[in-house]
Amino acid sequence: MTKITRFAPSPTGNLHIGGVRTALFNYVYAKQNNGKFLIRIEDTDAERSTREFEENIINGLKVLDIVSDETPIRQSERFNEYQEKTNEIINSGKAYYCECSKDRLDEIRSLQQQQGLKPQYDGKCRDLNLEKSENTVLRLKTPQEGASIFNDLIRGEVIFQNNELDDLILVRSDGSPTYHLCCVIDDRLQDITTVIRGEDHLSNTARQIHIQEAFGYPRLEYAHLPLVLGQNKKRLSKRDSVSSVHDYFDQGYLPTSIINMLARLGWSGGDKEIFSIDDLIKDFRIQEVQKGGAIFEPAKLDWINTNHLAALNFDKFKSKILPFLEKFKIDITSKNNSDDILQAMRTSQSTLFGIASDLRPYFHSIDSYDEKAVKKFLLNSKATLEYVQRKLQAIETWDEPSIDGVLSASQLALDLPIPKLNQPIRIAMTGSTKSPSLGLTLSLFEKDEVIKRISAALKYLSENS
RNA sequence: GUCCCGUUCGUCUAGAGGCCUAGGACACCUGGUUUUCAUCCAGGCAACAGGGGUUCGACUCCCCUACGGGAUGCCA
């Protein structure tokens, strides 16, 4: 059967990791069933919704290749539809106007809580047949007996006693429709078959079923995803340091890595750890997702990103790292062996940002040396640097084998442990003790540049010892 | 408080009554490769929340407790 799913964010914050996962599972489920994936902007909260957030969300998903099969609709632009449906439900007698003030509502709630009861509207206006006025809200006449039962693809049968749910508000006193109303109407109007959303909506499902029944709409298929938790075991929220997926993009995580990580969070298809969205469409089963919340661990993302980065062919890698090089003002056209440098350095770190950062010494002059490295290796290495500089200077064919030859000959001649010889040179060239093998590292520079940097290190030594 | 949902190594998970001496992955630790770093390879540490049942047998089924999360809005 063809499935139609939707991702229905409210644009009251940036697209965060949890939202991406919901969107992803909706997308994958639709694609597995020859269906459609839709994005619907639930911006009925005029106070908090912004176009900036809306763009952040849609663009973020686009980068991840999660694209709506139809132009996303905005609930704030569909008030006519809701109005029409609202009239329908009023005429059917399944909703009523309520004039209770917020103060009274607050009062009964705290009273109920004191008595150990579930706080809920007491139905004072339910049978008063009030007319609409400035201060009235429209409430649904929720069945007071019986239970609402639905089958959740992940959890199985879920039961809510109807007396646990109060008469929820469908239309606010300012005339605007609420989330629950719009959601049910749009799901119907868009022929949604399957609702995949966060666990925080579990009790909303019972409420929405009541609205569906008031309208005579058919039941939908539901799957409530466990929440993505932060290190504190609480759900990831906007308060967490890294909340927007865009932050992950900026740090140089590949979109494919983020998808991989999120899918693996709460689901596993055997022992396979590294996979693409196409693999997911092939292997993912919504029924297999874990029921408990999952803590998101950044270290695993690093490892996944390392793998996805390694799987890129060179041209692809190059195009991916380009924007990050720009951040460090690295111009790869400034050198004719840029590709060799990139190739040598592409595994240096687990993110594109990190790699780009490590690339700096190969394109810019060094402005400082790593302090620890200086103390451990550079100090007292004057004679070594001078000797090797002289030997390197004498090389006629500047390539890796010749350089390696000079380095090992020097090591023999000076009778030094290898690090004592190599590290000072490495520091002179890159500012730190980390780089590819020294012969390769040196061959990535022009001979003159190597001589110059060793001179600079010697100058530094004479000034600092 | 009340209702709902959940609970296997630090983390993500495998496990659908005997295949479990509980498997894999990340992280961590130890070696090896690499002249450093990263990569790679080998090995190691480490979990069924607790208590009752049911059963010849329970990580797997049932109940209770504990703990965690969610909901309880004229937010979505």
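Chain letters run A, B, ... following the sequence lines, proteins first, then strands; residues in each count from 1. The figures here come from the full heavy-atom set of this structure, side chains too, leaving out hydrogens, waters and symmetry mates.
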Please check if any side-chain donor atom of N135(A) sits under 3.5 Å from a side-chain acceptor atom of S173(A), or the reverse.
no

Going 5' to 3' through nucleotides 61-73 of chain B and flagging B where a protein heavy-atom sits under 4.0 Å of the base, S where only the sugar-phosphate is that close, and - otherwise, we get --------SSSSS

Work out how far the C1' atom of rG73(B) is from that of rC12(B), and round it to whole angstrom.
34 Å

If you measure only the distance, is there a donor-acceptor pair under 3.5 Å linking the side chains of R48(A) and S10(A)?
no

By the 4.0 Å heavy-atom rule, please label C182(A) as base, sugar-phosphate, or nothing.
nothing

rC37(B) -> Watson-Crick or G-U wobble partner, both distances under 3.5 Å, gives none

Its contact letters, B for base, S for sugar-phosphate only and - for none at protein heavy atoms under 4.0 Å, make nucleotides 22-29 of chain B read --BBS---

side-chain contact (heavy atoms from CB on, under 4.5 Å) against L414(A), all qualifying residues, sequence neighbours excluded:
T384(A), Y387(A), L416(A), L421(A)

Roughly how far, to the nearest 0.5 Å, is CG of D370(A) from OG of S432(A)?
6.0 Å

Working to the nearest 0.5 angstrom, can you tell me the gap between I209(A) CD1 and Y217(A) OH?
15.0 Å

When we call it a touch if two heavy atoms are under 4.0 Å apart, what does T44(A) touch: a base, just sugar-phosphate, or nothing?
sugar-phosphate

Verdict with reasoning, K124(A) to E99(A), per salt bridge (Lys or Arg N to Asp or Glu O under 4.0 Å)
CA-CA 9 Å; K124(A) 177 165 181 272; E99(A) 61 176 3; 5.2 Å; no

If I pick the C1' atom on rG44(B) and the same atom on rC37(B), what distance separates them, to the nearest angstrom?
24 Å

Short side-chain donor-acceptor distance under 3.5 Å, T12(A) and D45(A):
no

Can you list, by residue number, the residues of residues 285-296 of chain A that have a non-hydrogen atom closer than 4.0 angstrom to RNA chain B?
Q290(A), K291(A), G292(A), A294(A), I295(A)

Base, sugar-phosphate or nothing for N260(A)? Non-hydrogen atoms, less than 4.0 Å.
nothing

Any chance the side chains of S276(A) and D279(A) put a donor and an acceptor closer than 3.5 Å?
yes

Assign S268(A) to base, sugar-phosphate, or nothing according to its heavy-atom contacts below 4.0 angstrom with the strands shown.
sugar-phosphate

For V158(A) and for L407(A), find the nucleotide of RNA chain B with the closest heavy atom, then tell me which residue's nucleotide is more 5'.
V158(A)

NA contact type, P436(A), heavy-atom cut-off 4.0 Å: base, sugar-phosphate, or nothing?
base

Below 30° counts as parallel, above 60° as perpendicular, anything between as tilted: where do the rings of F150(A) and F160(A) land?
parallel

Distance, C1' atom - from rC28(B) to rA47(B), rounded to whole angstrom:
16 Å

Please list all pairs meeting side chain to side chain donor-acceptor pair (under 3.5 Å) that have one or both residues in residues 400-417 of chain A, counting only residues at least two apart or in different chains.
D399(A)-S402(A)

Under 3.5 Å donor-acceptor, N305(A) side chain and G252(A) backbone:
yes

F160(A) near the nucleic acid: base, sugar-phosphate alone, or nothing, with a heavy-atom cut-off under 4.0 Å?
sugar-phosphate

Pairwise 5' ranking along RNA chain B for S173(A) and L438(A), keeping only the more 5' one:
L438(A)

Do R139(A) and Y96(A) meet the cation-pi criteria used here (NZ or CZ under 6.0 Å from the six-membered ring centre, within 45° of the axis)?
no

Among N59(A), L15(A), N14(A), whose side-chain contact (heavy atoms from CB on, under 4.5 Å) with V245(A) holds?
L15(A)

Quick one: do the E221(A) and Y29(A) side chains pair a donor with an acceptor below 3.5 Å?
yes

Have Y362(A) and E449(A) got a donor and an acceptor in their side chains that come within less than 3.5 Å?
no

Are there any protein N/O atoms within less than 3.5 Å of an N/O atom in nucleotides 30-33 of chain B, and if so, which ones and at what distance?
none

Using the P atom as the point on both nucleotides, what is the distance between rC5(B) and rC9(B), in whole Å?
23 Å

If I pick the P atom on rC3(B) and the same atom on rA49(B), what distance separates them, to the nearest angstrom?
24 Å

Same-atom distance (C1') from rG68(B) to rG50(B), integer angstrom:
15 Å

I'd like the P distance from rU21(B) over to rC59(B), given in whole Å.
10 Å

Taking rU54(B) as the reference, what is the distance to rC63(B) when you measure between their C1' atoms (whole Å, please)?
11 Å

